[in-house]
Every structure is written in C-alpha cells, then in structure tokens.
> 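What follows is a structure written as structure tokens; I'll ask about it next.
Values in this document were obtained by computation on a predicted structure and should not be read as measured data. Letters A, B, ... mirror the listed sequences (proteins, then strands); counts begin at 1.
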2 protein chains.
Amino acid sequence: MPREARDSRRAIFEAAAAEFAARGFSATGVDRIARRAGVNKAMIYYHFGSKQRLYRDIVREIVLAIRTRTRAIAAGDAGPGRKVSSFIEAFVSEAQARPHMPPIMMREVAEGGRHLDAGTLRVIAGVFESLLAILKEGRRTGAFIRVHPLLMYFTIVGPTMMFFGSGPIRSAILSLAAVGFPEVGPELLIEHLRKMAVRTLTPSPHGAGTPARAGAGPRSRSRSATTSSGDQA
Amino acid sequence: MPREARDSRRAIFEAAAAEFAARGFSATGVDRIARRAGVNKAMIYYHFGSKQRLYRDIVREIVLAIRTRTRAIAAGDAGPGRKVSSFIEAFVSEAQARPHMPPIMMREVAEGGRHLDAGTLRVIAGVFESLLAILKEGRRTGAFIRVHPLLMYFTIVGPTMMFFGSGPIRSAILSLAAVGFPEVGPELLIEHLRKMAVRTLTPSPHGAGTPARAGAGPRSRSRSATTSSGDQA
DNA sequence: GTCTATAAATAGATAGAC
DNA sequence: GTCTATCTATTTATAGAC
C-alpha cells in the first residue's frame, strides 16, 4: 500500500468531510469534493464506490471515535459523578477535535439518520447507552437523583453541538452588526456543562431532591399546549 | 382574494415546510412539494417566484413567531427569574406547536444560515437578544449570578431542538431494538430546563456562586485538546 | 389561477485509455 | 491508480395555452 505524492483516498476523505459539514449530503457535489481534494472525480468512485458510501464512512468514523471514549468511561472504575464529568469532557473534546462532527450530526438528527446504515445508528445508540449506564449506576449507589436519561443526554449533547456548529451562523449574524456575541472557549463550555450536570444530578444538600423553584413558578398561560405531538407523550 | 376549493398558496406553504423539515433545502424538489400539496408545480413559481424565496418565507414566519413571544417576555414587568422561565416555556411551546421548526433550524445552524436573507438572520439574533436582556436585568437586580449568555442560550435552545427534532432518528434506532428510549413529554422538558436554568442562574443558598464540584473534578487525560479549532476561541 | 410541455443546467455514475 | 469523455436522470425554472 504505497503512499506516493499524497494519499488520494485520505485527501478525498477529508475534503468530503469538510464539504458535507458545510453544505450537507445532498447539496455537496462529487465534483466539488474532487476539486477540493485535488484529485479526479473518478477517484472517488474508485476508492469509495458511491457518494453515499463515502458519506457513511465519514460518519461512522466520527461516531465510532466518540463511542469508544464514552464506553471506556462508562466501564471504568471511577465514581458516577466523575464518570459524568468525564463523559462531558470526552464529548466536548471530540467535537472540538473534529470540527466536522457537530454540523454533520445536527443534520443527521434532523434527517432521521436517513443516509446512515444500521451499524452506524447502533453506534450512535451506544453513545447514549454509555451515559445511561452511568446514570443507572449513580442511581444504584444513591449518588444521583432520578432524572430523565434522554433529557440529560440532550442537555449535554445539544449545547455542545450548537456551540461548535454555530460558528458560521454567528459570523453571519455578527456581520450584520446586530449583536456582539461574547467569546467562549471549550473550557468554559465544559465547566458550564459540568456545573449544570452536577447541580441537576446530585441531591440538593438543603432539602428534598426537588427543591422549590425560587421565583420561577409556572405562569398562567393563554396559549394552549394541550395535545402531545405524536409519539413523545 | 377568494379562497375556493382550497387555497393553493397555503397548501404549498405547508407542504413545503414539511418537506424542508424532513429532507433539507437542497434535497427537497419542487416536484415533491407540488405533489404533496396537491397542486401543479408551476403554482409554486406563480406564488413564490423561486424555491429559495419559498424557503425563506417559511423560515421567516417561524423565527418571527418566536421572536415576537420572547421580545414580549423580555419587555414585560415580571421578575428576571420568571422571565427566564417564560422564555423557556415560550421556546418549547413554539417548537411543539410547529413541528417543522426544530429540524429546519438545526439545519440552518449547521449551514451557517446560507439560505437565509439578512432580515431573517436579524430576527434570529433578536431571539438571543431577548434572553440577553433578561440575563442582564437579572444581573442588575442581583437575582442572577454571572453566566455566559451564549452558553445559557444554547443550553435552552439546544436540548429543545434536539428533543423535538430527534423523533425520526429515535424511531430509526428503536427499530434496531438497541435501546428503549423512555418516553418524554414537553411538560417534562420544560420542567427540566426550568430547574436547570434556576440552579445555574441563582446564587447558591449555601455558599459562594460557584460551589465545589462534588466528586466531579477534572481527570488527567492522555489525549491532547490543545489547539483551538479556528474561529471559535 | 391553473395546466402542459419543455428548456437549460447540473447531478451521480461509468467506460475505457493510459 | 489516474485521467478524459460521456451517459443518463433529475433539477429548477419558464413559456404559453386555457
């Protein structure tokens, strides 16, 4: 497997990841990928067979890296509190290390995983299962109060993907001089999420697990939010 | 402006919103929209001029509805704590009332607002500005501790969009029998976010604003997360 | 306002020389 | 492994009859 002037397969892989992240699967043309990679379009089909297989390879690599880390954390011997903290740190640092991940995953969520294969979907499920296992362990040992695992998952994953994926739209808005977004770094995000997770998961030191909502009681509302929207009841 | 058998403009508008939400801007064909709306394809161009203008109209209507509500909340005379709570409730209930909103907005964030006009981007900025004003007011009155506004915004908006936008991918994963997702309703989400916001924003009753991280200290890590990935510093 | 027919451009993918 | 040339299908959009 010689690697001359420049490994064309790798060049395609990285150019495609950047294009898919910036424009989405169907808006990205193979011509564009080839031009960006500096290779001939036919090489994409030589190496990957189709645009979809190329895309799937990219997504799978991304989610595999995340699941590998979160699984190791869940299976470790640290306490549940530290495991949650490590989960957050792992997820954020993966998002930071692979700038293409957040936009691609946001789109894939929005699209219902339509472009993915069953194996990759299972890997994605595995990331959630890692957190689920940690939360269950915390329940067993009494370290955590009862929380909804999916909501906890979304409260870690959602802000992280929004934060790292929103760079371009923040720039676009900034150029309109409407708002000045204060700068944020990954360390601040990790710190924020850790605090949030700890405060949400650990029993309140001054009372029951569900403290009174200080000054944030429910308001009377005019709009009706009666019907549940389908499957999430 | 007579509305006979069925207003074709409205039919197109709603069919397009559903298609754009499910497949994204470029993966959605005008043929598909027309078929779903039960009208002729030429009617799309008669009413909207182009696929992009149709898309922009849809997005603008969505974000305008949100900004109208959040602005009114920020300008109201309730206390900051209640305003944050109302902001959360407004955002969640808009996401629930318009099922097309979360996927469309997730994609638009991922794409950097590429398909949007400046006016719509400004409206999006206005939603954030509503929360920003509330947070500043809370700082002035001493009700809130110092938090990063953008992180707070993402921690409300991110989980909400993930929650409502992830229905299809959860179904896809569920069909693989890998994980059973526990059911969640919007009320639980609102409750969860409210608690999260209150605990993050209000000064700790038992000490300084930044409590010790109970069992969640930083771990030594082997992976390096040194370089900042470009524009998000 | 609504339809048919079609223009014009671009997409993903392949054949085959080298 | 890499390139040129091309096939085929699909896409946005429009012209023009009714």
Side-chain angles (χ1 to χ4, degrees), chain A residues 1-60 104 107-108 111 113-117 120, chain B residues 1-60 104 107-108 110-111 113-117:
Chain A
M1 198 198 275
R3 190 190 333 155
E4 257 102 34
R6 183 170 86 289
D7 190 5
S8 66
R9 189 186 158 93
R10 189 165 198 84
I12 291 168
F13 195 87
E14 275 159 21
E19 286 294 322
F20 285 138
R23 316 172 89 88
F25 176 77
S26 35
T28 297
V30 288
D31 278 300
R32 241 189 122 80
I33 296 172
R35 199 161 53 82
R36 178 166 190 151
V39 305
N40 191 278
K41 178 170 63 161
M43 293 305 294
I44 292 174
Y45 294 93
Y46 173 75
H47 280 302
F48 295 95
S50 76
K51 178 184 164 183
Q52 189 174 76
R53 278 210 286 279
L54 168 58
Y55 180 78
R56 287 181 174 177
D57 278 12
I58 290 169
V59 177
R60 178 173 295 220
I104 288 178
R107 270 188 251 257
E108 216 42 62
E111 241 146 287
R114 181 172 298 152
H115 308 299
L116 304 180
D117 53 303
T120 300
Chain B
M1 202 196 273
R3 190 187 336 155
E4 256 102 34
R6 182 171 86 290
D7 190 4
S8 66
R9 189 187 157 93
R10 189 164 197 86
I12 291 167
F13 195 87
E14 274 158 21
E19 286 293 323
F20 285 137
R23 316 170 90 87
F25 176 78
S26 35
T28 297
V30 288
D31 277 300
R32 240 190 124 81
I33 295 172
R35 198 160 55 82
R36 179 167 190 152
V39 305
N40 190 277
K41 177 172 62 163
M43 294 304 296
I44 292 174
Y45 294 93
Y46 173 76
H47 279 302
F48 295 96
S50 75
K51 178 184 164 184
Q52 189 174 76
R53 278 210 285 281
L54 168 59
Y55 180 77
R56 287 181 173 176
D57 278 13
I58 290 169
V59 178
R60 178 174 296 221
I104 287 178
R107 271 188 250 257
E108 216 43 63
E111 241 147 287
R114 181 172 298 154
H115 308 300
L116 304 181
D117 52 302

> Please report the distance, rounded to the nearest Å, between CZ in A:R32 and P in C:dA9.
20 Å
> Under the side chain to side chain contact (heavy atoms under 4.5 Å, CB included) rule, what do B:L54 and B:V30 come out as? Steps first, then yes or no, please.
CA-CA 10 Å; B:L54 168 59; B:V30 288; over 6 Å; no
> Where do A:A11 and A:A37 come nearest, in terms of heavy atoms and distance?
O-CB, 3.5 Å
> Starting at CG of B:D117, measure out to CZ of B:R60 and round the result to the nearest 0.5 Å.
4.5 Å
> Rounded to whole Å, please give me the gap between CZ in A:R53 and C1' in C:dG12.
13 Å
> What closest approach, in Å, do B:A17 and B:I58 show between heavy atoms, and which atom pair accounts for it?
N-CD1, 3.6 Å
> What pairs of nitrogen or oxygen atoms, one from the protein and one from nucleotides 7-11 of chain D, lie under 3.5 Å apart?
none

> Any N/O pairs under 3.5 Å between the protein and nucleotides 3-5 of chain C? List them or say none.
unit_1, atom_1, unit_2, atom_2, d
C:dC3, OP2, B:N40, N, 3.3
C:dT4, OP2, B:N40, ND2, 3.4

> Show every donor-acceptor pair shorter than 3.5 Å between a side-chain atom in residues 39-52 of chain A and any protein atom, with sequence neighbours excluded, or say none if there are none.
unit_1, atom_1, unit_2, atom_2, d
A:N40, OD1, A:A42, N, 2.9
A:H47, NE2, A:S8, OG, 2.8
A:S50, OG, A:Q52, N, 3.4
A:S50, OG, A:R53, N, 3.1
A:K51, NZ, A:F25, O, 2.9
A:K51, NZ, A:T28, O, 2.8
A:Q52, OE1, A:R56, NH2, 3.4

> In whole angstroms, how far is the C1' atom of D:dT2 from the CD1 atom of A:I12?
11 Å
> Whole-Å distance between D:dT12 P and B:L54 CG?
11 Å
> Send over the distance from A:Y46 OH to C:dG16 P, rounded to a whole Å.
18 Å
> Answer yes or no: is there a side-chain heavy-atom contact under 4.5 Å between A:E19 and A:R36?
yes
> So which heavy atom on A:A15 is nearest to which on A:I33, and how close?
CB-O, 3.9 Å
> Measuring only between side-chain heavy atoms, which start at C-beta, is A:Y55 closer than 4.5 Å to A:E108?
yes
> I need the CZ-P distance between B:R35 and D:dT12, as an integer number of Å.
13 Å
> Has B:S8 got a side-chain N or O lying under 4.0 Å from the OP1 or OP2 atom of C:dT2?
yes
> Is the shortest side-chain N/O distance from A:Y45 to OP1 or OP2 of C:dT14 below 4.0 Å?
no
> Once rounded to the nearest 0.5 Å, what's the spacing between atom OG of A:S26 and atom CZ of A:R107?
9.0 Å
> To the nearest angstrom, how far is A:I44 atom CD1 from C:dT14 atom C1'?
14 Å
